[in-house]
Amino acid sequence: MSGMVRAGLGAGLAGGILDFAAASIVYPLAYPGLKIMRIWQSVAEGVLGKAAYDGGLRTAVLGAGLHFVIALCAGMTLAAVMSRAEIFRRLWPVSGALYGVSMYCFMQLVVLPLSQVGVKHPDAKALAIGLGIHILVFGLGSALVASRLLKRTA
């Protein structure tokens, strides 16, 4: 397996796990009464529409699986970009923050509108939480792992 593929898989897996944990902890704290299963069913809503909320654990697992597919694809993209220029690896915190913002925007402006969810405009609280998690957890975590794994192959 090439170093870039290993870095992409590592970045995607790390970002996916960190984002999964952060979303499962932060959103229920920020929105009392919100159940973790509902969070992951909302991801499955992208392919199933509102029926995702009637599927119980099965659709929550589907949502989590979709989350990891997206995270792995994003991690591969990040590793491909970071492998092209040493400055992206050296300044991994900046790369990670930009990557986190980019992924948040991509999800809000491209993925959701093309899915069964459609266009949603998050309120200020949801925007702050979503951007915060994407930058500080998903972005930085993914970029750290990618930069470390790419250094091993350089």
Side-chain angles (χ1 to χ4, degrees), residues 1-83 92 95-150:
M1 180 180 334
S2 80
M4 196 278 297
V5 171
R6 188 178 6 259
L9 292 174
L13 189 58
I17 290 169
L18 291 169
D19 186 48
F20 182 90
S24 296
I25 294 167
V26 173
Y27 283 106
L29 290 174
Y31 297 95
L34 178 63
K35 303 291 184 211
I36 294 171
M37 185 162 44
R38 182 99 173 157
I39 294 167
W40 300 107
Q41 287 173 327
S42 74
V43 177
E45 182 186 0
V47 294
L48 300 177
K50 297 294 181 192
Y53 300 106
D54 299 327
L57 183 59
R58 285 187 341 210
T59 55
V61 170
L62 172 63
L66 293 168
H67 163 76
F68 279 98
V69 167
I70 293 168
L72 287 167
C73 291
M76 294 300 292
T77 303
L78 175 66
V81 170
M82 290 180 84
S83 71
W92 67 264
S95 297
L98 292 173
Y99 168 66
V101 169
S102 298
M103 279 305 301
Y104 182 81
C105 291
F106 180 75
M107 294 303 295
Q108 294 296 315
L109 301 173
V110 177
V111 174
L112 289 178
L114 292 174
S115 76
Q116 295 291 319
V117 174
V119 176
K120 283 194 174 180
H121 301 287
D123 61 17
K125 181 178 177 180
L127 176 67
I129 293 169
L131 267 175
I133 289 173
H134 273 83
I135 294 168
L136 299 172
V137 178
F138 182 75
L140 293 180
S142 297
L144 173 63
V145 170
S147 70
R148 295 298 183 257
L149 291 173
L150 288 168

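Computed from heavy atoms alone, side chains included, the values below leave out hydrogens, waters and symmetry copies. All values derive from a computational prediction rather than experimental measurement. For the single chain, residues carry numbers from 1 onward in sequence order.
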Measure across [X] and [Y] and return the closest heavy-atom pair with its distance rounded to 0.1 Å.
X: A52; Y: A44; answer: CB-C, 3.8 Å
X: V145; Y: A14; answer: CG2-CB, 3.6 Å
X: F20; Y: A64; answer: CE1-CB, 3.9 Å
X: I129; Y: A30; answer: CD1-CB, 3.4 Å
X: M107; Y: P113; answer: O-CD, 4.2 Å
X: M4; Y: S83; answer: CG-OG, 3.7 Å

Does Q116 form a side-chain contact (heavy atoms from CB on, under 4.5 Å) with L48? I'd like the steps, not just the answer.
CA-CA 7 Å; Q116 295 291 319; L48 300 177; over 6 Å; no

Quick one: [atom1] on [X] to [atom2] on [Y], what's the gap to the nearest 0.5 Å?
X: S24; Y: L29; atom1: OG; atom2: CG; value: 11.0 Å
X: L98; Y: M103; atom1: CG; atom2: CE; value: 14.0 Å
X: W92; Y: L144; atom1: CH2; atom2: CG; value: 4.5 Å
X: K35; Y: Q41; atom1: NZ; atom2: CD; value: 12.5 Å
X: L9; Y: L149; atom1: CG; atom2: CG; value: 9.5 Å
X: D19; Y: I17; atom1: CG; atom2: CD1; value: 11.0 Å

Are the side chains of [Y] and [X] in contact, using a 4.5 Å heavy-atom criterion?
X: P28; Y: I39; answer: yes
X: I36; Y: I25; answer: no
X: Q108; Y: V119; answer: no

Which of these, Y27, Y53, Y31, sits in a side chain to side chain contact (heavy atoms under 4.5 Å, CB included) with R38?
Y53

Full working for side chain to side chain donor-acceptor pair (under 3.5 Å) between T59 and W40
CA-CA 8 Å; T59 55; W40 300 107; over 6 Å; no

Would you say the rings of F138 and Y104 are close, in the sense that their centroids are separated by under 6.0 Å?
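For Y104 and F138, the ring centres are not under 6.0 Å apart.
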
Check for a donor-acceptor pair, side chain of [X] on one end and backbone N or O of [Y] on the other, with a separation under 3.5 Å.
X: H134; Y: G130; result: yes
X: H67; Y: V43; result: no
X: S142; Y: G139; result: no

